[in-house]
Amino acid sequence: MLWRSVVGKLWFTILLLVSVVLTILMVLLLQSFERFHVNEAESQLVNHANMIAAIFDGYDEQDDALRTISQYGSSFETHALIFVEGTKVWGTNNAANDDIYAQLFMANPTLSEVFNGEQVVATEGDFPFQEDGELSRTEMMVVGVPLQPTELENSAVFLYQSLSAIEETSNETKRIVYFSAGIAIVLTTIFTFFLSTRITAPLRKMRQVALEVAQGEFKTKVPILTHDEIGQLAMAFNRMGRELNRNIHALNQEKEQLSRILVSMADGVITLDRKGKLVVTNPPAERFMQSWFYEQGVTEDASELPQAVQQLFQRVVSVEKEQMIEIDVQGRSWAILMTPLYDREYVRGAVAVIRDMTEERRHDKLRKDFIANVSHELRTPVSMLQGYSEAIIDDIAGSEEDKKEFAKIIYDESLRMGRLVNELLDLARMEAGHIELHKENVDQRAFTDRIVRKFQGYAKEQGVTLVLDIKGDDQQVAFDPDRIEQVLTNLIHNAIRHTSENGKVTLKVRPFEQGIKLDVIDTGSGIPEEDLPYVFERFYKADKARTRGRGGTGLGLAIAKNIVDAHKGQISVHSKMDEGTTFSFFLPSLLTDEDEISR
């Protein structure tokens, strides 16, 4: 709307100001012109009255003077009355009106002063007059001049005329003034709209540019057409746009940097507002939330937090200090550290760092299990050594055969302890990265034939068939033959031990362009599915009661995995209960520069 725009407000203000000024000027001018016309008319009447008085004085005979005055009075549009010694002797109006005016003039206290012969009098009033037999009243101006005040008494000349002529002149003056005021208002409106357009055009452009800036078009500029305040405002607006663009760019860079940091963090980050609603999360935190959603059976778009996290948030907001809890979700352990966020002096929310502590807790458990397992593995041979040695000392073994049997048991248990300690030392060196490999090009067929022949006697003793399945051309592969023999020895020995009589163990060799793959396949009892992820852990035994009697230490597979990892290979296991187990490992065939130097 026009009244809400700058043009309308400026036009209305200037028009109101001009109207007030013109109104004051018109009132003053009209009053001035009205006074001027009245004074002019009064001056003319006084001059005419003085002329009549002079004519009257110039004649000795009254009749001659009245004839001359009558001729003179017919030349102007006024009415005259002549009183000589209190009696009307001549008048220009009809007799009825002259008599009325004569009585009025003589009775009027102002006009009657002229008979004293000392001054000229003038007055304005509402005087009656008779026309066509009807008496009416009109505004009139009356001037009185004394006649021969030194010779005659109560003698005077009165000239009077209607003020309608003066009113017509005043009305004409008013029409001119009003017309001039109208022209002034029209010109003021044109000038105001022209000036407003010149002022508001840059403002409208700034408004358009401001809307574009609000939509993200920071490169848009306001054209600078003048060097006045509007031009300075345009320059300030353009400078503001540049600074805003620079600040937005810096904020976007900081936001992108923060986003990249959050995405690349291994720990989850959750930001909460004052009401405990999620504001920002990163992928690890989203995975934690998805696990919790799945466990609780709620939809993923739910905005609620786990109850433990909500309670933690309430504590953080109330005490305004960081708090920490650890919860279990879907079998994984999560540590949550929450810290309050401040808006000056008030807490505006909180930020929580979520760390997956599953591996740490698993390692803690493995360390505890390692100590328990080592103690458990050492307790049996130590107890047997102690018991059989006491039996020999106490002469419980009566015959030499018993003593030899006890001594053999002590010797076997000492070998078992030595083997356990050596394997622990080897495993510790491997996990510390101190394993030494002496790689060389090995003929895979000759190597695997030798390994299989070595276990043929043991396999026959257990009633198990051991076969070699190798295909492809003879290929030489670079690896440490002693270490890989240690791996195959452990795998084949475990396969034979866990395969029942009339079973079968197969060493399958398949060459590839990138290396060689070896599979140890048995038809034994298999490994339970829940135990498969842990078979390469230290001291882990799927069936501890069954393996203990067969001399296992639980370190062989852990050592095998470290040896394969040291060769940059991969090892895996697949098994089904009562169907068998397959251990597979792949060795790359390329020799590195370090391998060449070690050779």
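Heavy atoms of other residues, nucleotides or ligands lying less than 6.0 angstrom from OH of Tyr342 number more than 12. Few gaps surround CZ on Arg510; more than 12 heavy atoms of other groups in view lie less than 6.0 Å from it.
Residues His567 and Ile484 have side chains in contact (heavy-atom distance under 4.5 Å, counting atoms from C-beta outward). Side-chain contact check for Lys508 versus Thr582: every heavy-atom pair is 4.5 Å or farther apart. Put simply, the side chain of Asn252 does not reach to within 4.5 Å of the side chain of Glu256, judged on heavy atoms. Looking only at side-chain heavy atoms (C-beta outward), Lys321 and Pro340 stay at 4.5 Å or farther from each other. Using a 4.5 Å cut-off on side-chain heavy atoms (C-beta onward), Val280 and Val269 make no contact. Proximity of Leu507 to Phe455: side-chain heavy atoms (C-beta onward) are nowhere separated by under 4.5 Å. Taking the side chain as every heavy atom from C-beta outward, Val347 and Arg274 approach each other to under 4.5 Å. Using a 4.5 Å heavy-atom threshold, the side chains of Leu587 and Gln444 count as separate.
For the atom pair NZ of Lys277 and CZ of Phe313, the computed distance is 10.5 Å after rounding to the nearest 0.5 Å. Separation of atoms CZ (Arg260) and CG (Leu258) is listed at 12.0 Å; rounding is to 0.5 Å. Within the model, atoms NE2 of His498 and OG1 of Thr581 stand 8.5 Å from one another, a figure rounded to the nearest 0.5 Å. Taken from CG in Leu337 to CD in Gln323, the straight-line distance is 9.5 Å, to the nearest 0.5 Å. Taking CZ from Phe288 and OG1 from Thr281, the interatomic distance works out to 12.0 Å, rounded to the nearest 0.5 Å. Atom CD of Glu579 sits about 14.5 Å away from atom NE2 of His574, to the nearest 0.5 Å.
Side chains of Glu326 and Ser333: a donor-acceptor N/O pair is present below 3.5 angstrom, by distance only.
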* Show your working on side-chain contact (heavy atoms from CB on, under 4.5 Å) between Leu557 and Leu491 and close with a plain yes or no. => CA-CA 8 Å; Leu557 292 179; Leu491 295 179; 3.6 Å; yes
* Under the salt bridge (Lys or Arg N to Asp or Glu O under 4.0 Å) rule, what do Glu485 and Lys454 come out as? Steps first, then yes or no, please. => CA-CA 11 Å; Glu485 183 177 353; Lys454 183 174 70 173; 3.0 Å; yes
* Asked: Val487 and Leu518: side-chain contact (heavy atoms from CB on, under 4.5 Å), yes or no, with the steps?
  -> CA-CA 11 Å; Val487 173; Leu518 298 97; over 6 Å; no
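A distance-only check finds no donor-acceptor pair linking the side chain of Thr499 to the backbone of Lys504 [under 3.5 Å]. Side chain of Ser584 to main chain of Val520: no donor-acceptor pair is present (N/O by atom type, distance under 3.5 Å, no hydrogens or angles). Between the Asn245 side chain and the Gly241 main chain, no donor and acceptor come within less than 3.5 Å of each other.
Between Tyr458 and His493, the ring-plane angle classifies as parallel under the 30° and 60° cut-offs.
Checking His249, Gln257, Lys255 one by one against Gln253, the side chain to side chain donor-acceptor pair (under 3.5 Å) holds for a single residue, His249.
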